[in-house]
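One structure is given below, encoded as structure tokens.
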There are 2 protein chains.
Amino acid sequence: MPTTPRTAYAHFCMLAKALERLGDRWALLVVRDLLTGPKRFTDLMDRLGGITPRTLTQRLRDLEADGLVQVDREPGRREVWYRLTPAGLDLAPALDELALWGLRHLAAPPAPSEPAHPEHLLRSVRLVLDRAGIDVGPATWVVRTLDRDDAFTLRGRDGRWSLVAQAASDPDVELLGTRRDLALYLATRPQARAAGHPGVTMRGDEREIGRFLDALAVFPPLSTGPASHATAGQQTGGLVD
Amino acid sequence: MPTTPRTAYAHFCMLAKALERLGDRWALLVVRDLLTGPKRFTDLMDRLGGITPRTLTQRLRDLEADGLVQVDREPGRREVWYRLTPAGLDLAPALDELALWGLRHLAAPPAPSEPAHPEHLLRSVRLVLDRAGIDVGPATWVVRTLDRDDAFTLRGRDGRWSLVAQAASDPDVELLGTRRDLALYLATRPQARAAGHPGVTMRGDEREIGRFLDALAVFPPLSTGPASHATAGQQTGGLVD
DNA sequence: CTGGATCCATGATGATACTG
DNA sequence: CAGTATCATCATGGATCCAG
């Protein structure tokens, strides 16, 4: 009979109970990376850059025991696929709010040592466009990474926006570049985006690219209050000065 | 020159950056308890039951350094008051989403060893009423704890709801009880609430109490998916069987 | 090659007692 | 009231090794 584990807060509070499951280091980042679809152990190791295999194993076991992750092991197949259960998928709104908070208060250009992936920013872009109800007509935009052949489709219609980790066949605009270049481009402040970005190719006719730039003008959102983070300093309206 | 601290993920991801500030044990619970207003060190020690003074000191220092908490020290006064900065207050939506997720997937009656405070549930009640757009006419409901003399006012009008940690002077309904009894009452499933609860006094005329019960019928919300938590078992529509 | 396990080092947290 | 001091324990990081 286990006594209350170390990670328990013993509060009658749903936030505390949630954090008992999600508060361990790396746990929410594992969920984040599984939100875009099932992944293998090594896929996660790659994306979570910095986690040790022992910790990843531990997190996946914990999340499985808590019913957030399901493990697909098929006999005769080497790969083990990890995917979110409905309860795990249901964390998306909470992760979105945390990411938006980070965007409002901690936005900063990527350090040279930081691996940059466009998908994290794309999730925030989708959310910001959706919340703002931006409507520039039906839009299908594809972002394709050249160094890893990932692709994402951002679709908008009637002010609602969706993001899927797959390339649509008929994009109005297509962005091509390395993961880092694409992330840097999305992190540029809106006014500078029309000029393009080194390493990023934009395909699509001028009118379509114009719609893309118009919609993206709301990203990133401005901080609601004064930039009160001690090291954040100036708020220029972009992630990059 | 400090190298990247242990708590850094070194990802260009706003969620990761947020978790670098908020991911330490107890950190978000400190924010939670400061969301209802400024508190003293010992107030926080009391509410956070289980935290050690060393850890609380550490968290408050970290949060202060990150610009989420401001410390009010007045010369000649013993007490030190901690309050959230605008950036700290801006975490409310994220904490709300996490608490709602906990409510949907981890709801369980309070264990006998769990101190129960009504305020955490009241935050969720406000949010659920507000999201559902419940409109039962202008409503002012006061919840008053007898064992600590805390009071909260839940106000609704035109489907919008607010919660403040203070007693309104003209409540339509007033609930009185110990912190535990009030929490247990709010955790009851809606159908059982009309019968009242031992230790909880409800003041107000019958019609007003009827409005109160009608509105509260949407709390707690049902889980979106099947109750997939390994230990959660049945979902009865209430926190208490 | 994937999916881990093992060993050790270290930093973060808990328990308890004490103090300006 | 608002912490600090000390010691113990546990979780995580880093490196390496191993089995199917």
Side-chain angles (χ1 to χ4, degrees), chain A residues 2-11 16 19-30 33-34 38-66 69-83 113, chain B residues 2-11 16 19-30 33-34 38-66 69-83 113:
Chain A
T3 60
T4 54
R6 186 188 164 69
T7 56
Y9 289 111
H11 288 197
L19 293 174
E20 287 173 8
R21 268 75 178 189
L22 306 168
D24 283 335
R25 191 158 158 72
W26 296 103
L28 283 178
L29 296 186
V30 171
D33 282 350
L34 289 177
K39 304 267 181 307
R40 292 172 301 180
F41 191 88
T42 42
D43 295 332
L44 291 169
M45 281 295 290
D46 178 44
R47 283 158 173 271
L48 288 168
I51 197 173
T52 64
R54 169 173 171 77
T55 303
L56 180 55
T57 299
Q58 186 68 44
R59 283 304 151 271
L60 289 168
R61 296 275 186 277
D62 293 344
L63 291 170
E64 185 188 7
D66 285 333
V69 161
Q70 178 166 346
V71 188
D72 294 342
R73 300 171 193 273
E74 283 187 21
R77 177 156 55 80
R78 293 173 64 96
E79 305 97 297
V80 180
W81 288 83
Y82 296 91
R83 64 183 184 82
S113 63
Chain B
T3 60
T4 54
R6 190 181 111 64
T7 56
Y9 290 110
H11 289 198
L19 293 175
E20 287 173 7
R21 268 75 179 187
L22 306 167
D24 284 336
R25 190 157 158 74
W26 298 103
L28 283 178
L29 296 187
V30 172
D33 282 350
L34 290 177
K39 303 267 182 306
R40 293 171 300 180
F41 191 88
T42 43
D43 295 333
L44 291 169
M45 282 295 291
D46 178 45
R47 283 154 175 271
L48 288 167
I51 196 173
T52 65
R54 171 177 171 75
T55 303
L56 180 55
T57 299
Q58 187 68 46
R59 282 306 152 270
L60 288 168
R61 298 277 184 277
D62 293 343
L63 291 169
E64 185 188 6
D66 285 332
V69 161
Q70 178 166 346
V71 188
D72 294 341
R73 302 171 193 273
E74 282 188 22
R77 178 157 55 77
R78 278 180 74 98
E79 302 98 315
V80 180
W81 290 83
Y82 295 91
R83 63 183 185 83
S113 63

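All values below were derived from every heavy atom in this structure, side-chain atoms included, with hydrogens, water molecules and symmetry-related copies excluded. Chain letters run A, B, ... following the sequence lines, proteins first and then strands; every chain starts at 1.
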- Task: Evaluate the criterion side-chain contact (heavy atoms from CB on, under 4.5 Å) for residue pair A/Leu34 and A/Val30; output intermediate values, then yes/no.
- Result: CA-CA 6 Å; A/Leu34 289 177; A/Val30 171; 4.1 Å; yes

For atom [atom1] of [X] and atom [atom2] of [N], their distance in whole Å:
X       : N      : atom1 : atom2 : value
A/Leu60 : C/dT2  : CG    : P     : 16 Å
A/Arg59 : C/dG3  : CZ    : C1'   : 17 Å
B/Arg61 : D/dA2  : CZ    : P     : 12 Å
B/Asp62 : C/dA12 : CG    : C1'   : 11 Å
B/Ile51 : D/dA2  : CD1   : C1'   : 14 Å
B/Arg77 : D/dC1  : CZ    : P     : 14 Å
B/Asp24 : D/dA11 : CG    : P     : 16 Å
B/Leu48 : D/dA2  : CG    : P     : 14 Å

Determine whether [X] and [Y] make a side-chain contact, defined as any pair of heavy atoms from C-beta on separated by less than 4.5 Å.
X       : Y       : answer
B/Leu56 : B/Phe41 : yes
B/Arg59 : B/Asp24 : yes
A/Ile51 : A/Met45 : yes

Which heavy atom of [X] sits nearest to which heavy atom of [Y], and what is that distance?
X       : Y       : value
A/Arg21 : A/Leu63 : O-CD2, 4.4 Å
B/Leu22 : B/Ala27 : O-CB, 3.8 Å
A/Gly49 : B/His11 : O-NE2, 3.3 Å
A/Ala8  : B/Arg25 : O-NH2, 3.3 Å

Taking 4.0 Å as the cut-off, does a side-chain nitrogen or oxygen of [X] come that near to OP1 or OP2 on [N]?
X       : N      : value
A/Tyr82 : C/dG4  : yes
B/Arg73 : D/dA2  : no
B/Arg25 : C/dG14 : yes
A/Arg54 : D/dA11 : no
A/Trp26 : D/dG13 : yes

- Angle class for the A/Trp26/B/Tyr9 ring planes (parallel below 30°, perpendicular above 60°, tilted otherwise)? perpendicular

- Do NZ/NE/NH1/NH2 and the carboxylate oxygens of B/Asp33 and B/Lys39 come within less than 4.0 Å? no

- Message: Once you apply a heavy-atom cut-off of 4.0 Å, does B/Thr55 come out as touching a base, just sugar-phosphate, or nothing?
- Response: sugar-phosphate

- Message: Regarding B/Gln58, tell me which of base, sugar-phosphate or nothing describes its non-hydrogen contacts under 4.0 Å with the strands shown.
- Response: nothing

- Which residues in residues 39-47 of chain A have at least one heavy atom lying under 4.0 Å from any atom of DNA chain D? none

- Item | Axis bend over the full length of the helix from C/dC1-D/dG20 to C/dG20-D/dC1, computed from five pairs that close each end, to 10 degrees | 40°

- To the nearest 0.5 Å, atom CG of A/Asp43 lies from atom CD of A/Glu79 at 9.5 Å

Nucleotide N/O to protein N/O under 3.5 Å, stretch nucleotides 16-20 of chain D:
residue	atom	partner	partner atom	Å
D/dG20	N2	A/Arg78	NH1	3.2
D/dG20	N2	A/Arg78	NH2	2.1

- Taking the side chain of A/Thr52 as its heavy atoms from C-beta onward, which of C/dA5, D/dT4, D/dG13 lies nearest to it? D/dG13

- Decide side-chain contact (heavy atoms from CB on, under 4.5 Å) for B/Leu29 and A/Leu19; before the verdict, give the C-alpha distance in whole Å, the side-chain angles of both, and the deciding distance to 0.1 Å. CA-CA 9 Å; B/Leu29 296 187; A/Leu19 293 174; 3.9 Å; yes

